[in-house]
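This report refers to the structure that appears directly beneath it.
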Amino acid sequence: MNELLNSIHITPLWYLIPSLLMFCAGVYGFLTRKNLIAMLISIELMLNAVDINFVVFNRYFFPHSMEGMFFTLFAIAIAAAETALAIAIIINIYRAVHNVDVTSVNEMKF
């Protein structure tokens, strides 16, 4: 069993394919959903897939530097602030329209 585990070589492809699937799921969710919260979750899924790519490329192509890791932490912090702001906007839209669908936002008069 140990020989089998030692013979498996983990390449960046092992991480990039699930990241690609996550990103594609996020794009699909963003394009097909009409609920603003579901669209926000899809955007967060896409951002997490990009963060995985940053870490993988940093680990395999520049193993002695930490720029990819720091950039990922910075991106996670920005995503948290973006999510807080988006949820505040969605709450204000819900208070005005009593619905969080994109179609109801288009009907609002500003």
Side-chain angles (χ1 to χ4, degrees):
M1 183 67 175
N2 285 337
E3 294 174 9
L4 178 65
L5 290 176
N6 290 336
S7 66
I8 297 175
H9 182 66
I10 305 289
T11 62
L13 204 60
W14 285 70
Y15 300 104
L16 295 178
I17 289 177
S19 176
L20 175 69
L21 294 175
M22 279 176 55
F23 190 82
C24 291
V27 169
Y28 176 76
F30 184 78
L31 294 176
T32 58
R33 305 289 181 217
K34 292 185 179 182
N35 188 338
L36 289 174
I37 296 175
M39 291 172 73
L40 178 65
I41 291 171
S42 298
I43 290 172
E44 291 297 321
L45 192 62
M46 288 187 287
L47 286 173
N48 287 333
V50 171
D51 289 340
I52 290 172
N53 284 341
F54 283 140
V55 171
V56 169
F57 286 130
N58 183 52
R59 170 72 175 95
Y60 281 96
F61 296 124
F62 305 104
H64 299 294
S65 66
M66 296 291 287
E67 285 88 3
M69 310 293 180
F70 292 134
F71 195 75
T72 298
L73 289 174
F74 182 72
I76 290 171
I78 296 297
E82 172 255 335
T83 301
L85 184 65
I87 288 176
I89 292 171
I90 290 171
I91 288 171
N92 283 332
I93 289 171
Y94 181 77
R95 286 180 182 168
V97 184
H98 299 291
N99 198 354
V100 289
D101 286 340
V102 177
T103 55
S104 63
V105 175
N106 289 336
E107 296 169 0
M108 286 179 62
K109 294 182 181 178
F110 293 101

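Values below: all heavy atoms of this structure, side chains included; hydrogens, waters and symmetry mates excluded.
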Practice item. Test side chain to side chain contact (heavy atoms under 4.5 Å, CB included) on R33 and V102 and set out the steps. Key: CA-CA 9 Å; R33 305 289 181 217; V102 177; over 6 Å; no
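Taken from NE2 in H9 to CH2 in W14, the straight-line distance is 11.0 Å, to the nearest 0.5 Å. Note that CG of L47 and CZ of F23 are 8.5 Å apart. Values are rounded to the nearest 0.5 Å. How far CG of L13 is from CG of L20: 10.0 Å, rounded to the nearest 0.5 Å. Summarising the geometry, atom CG belonging to L40 is positioned 9.0 Å from atom CG belonging to L36; distances are rounded to the nearest 0.5 Å. One finds the CZ atom of F30 at 3.5 Å from the CE atom of M39 (value rounded to the nearest 0.5 Å). Atoms CZ and CD1, from F71 and I78 in turn, are 9.5 Å apart once rounded to the nearest 0.5 Å.
Note on ring orientation: taking the six-membered ring where Trp is involved, the planes of H98 and Y94 are perpendicular (angle over 60°, cut-offs 30° and 60°). Using cut-offs of 30° and 60° for the angle between ring planes, the Y15 and Y60 rings count as tilted.
Nearest heavy-atom pair across S42 and G29 is OG-C, 3.3 Å. G26 and L45 make their closest contact through N-CD2, 3.7 Å (heavy atoms, listed as atom of the first residue, atom of the second, distance).
Side chain of D101 to backbone of T103: no donor-acceptor contact under 3.5 angstrom is found. Checked by atom type and distance alone, the side chain of S19 pairs as donor or acceptor with a backbone atom of A49 at under 3.5 Å.
Residues V50 and I76 do not share a hydrophobic cluster, defined by chaining ILVMFWY side chains whose heavy atoms lie under 4.5 Å apart. A continuous path of Ile, Leu, Val, Met, Phe, Trp and Tyr side chains, each step under 4.5 Å between heavy atoms, connects I43 with L85, placing both in one hydrophobic cluster. Note: the hydrophobic cluster containing I52 also contains I10 (ILVMFWY, side chain heavy atoms under 4.5 Å, direct or indirect links). Under the 4.5 Å side-chain heavy-atom criterion for Ile, Leu, Val, Met, Phe, Trp and Tyr, F74 and M69 are members of distinct hydrophobic clusters. Under the 4.5 Å side-chain contact rule for hydrophobic residues, Y28 and I37 do not share a cluster.
M22 places none of its side-chain heavy atoms less than 4.5 Å from the side chain of P18. Side-chain atoms of N58 and S65, non-hydrogen and from C-beta on, do get closer than 4.5 Å to each other.
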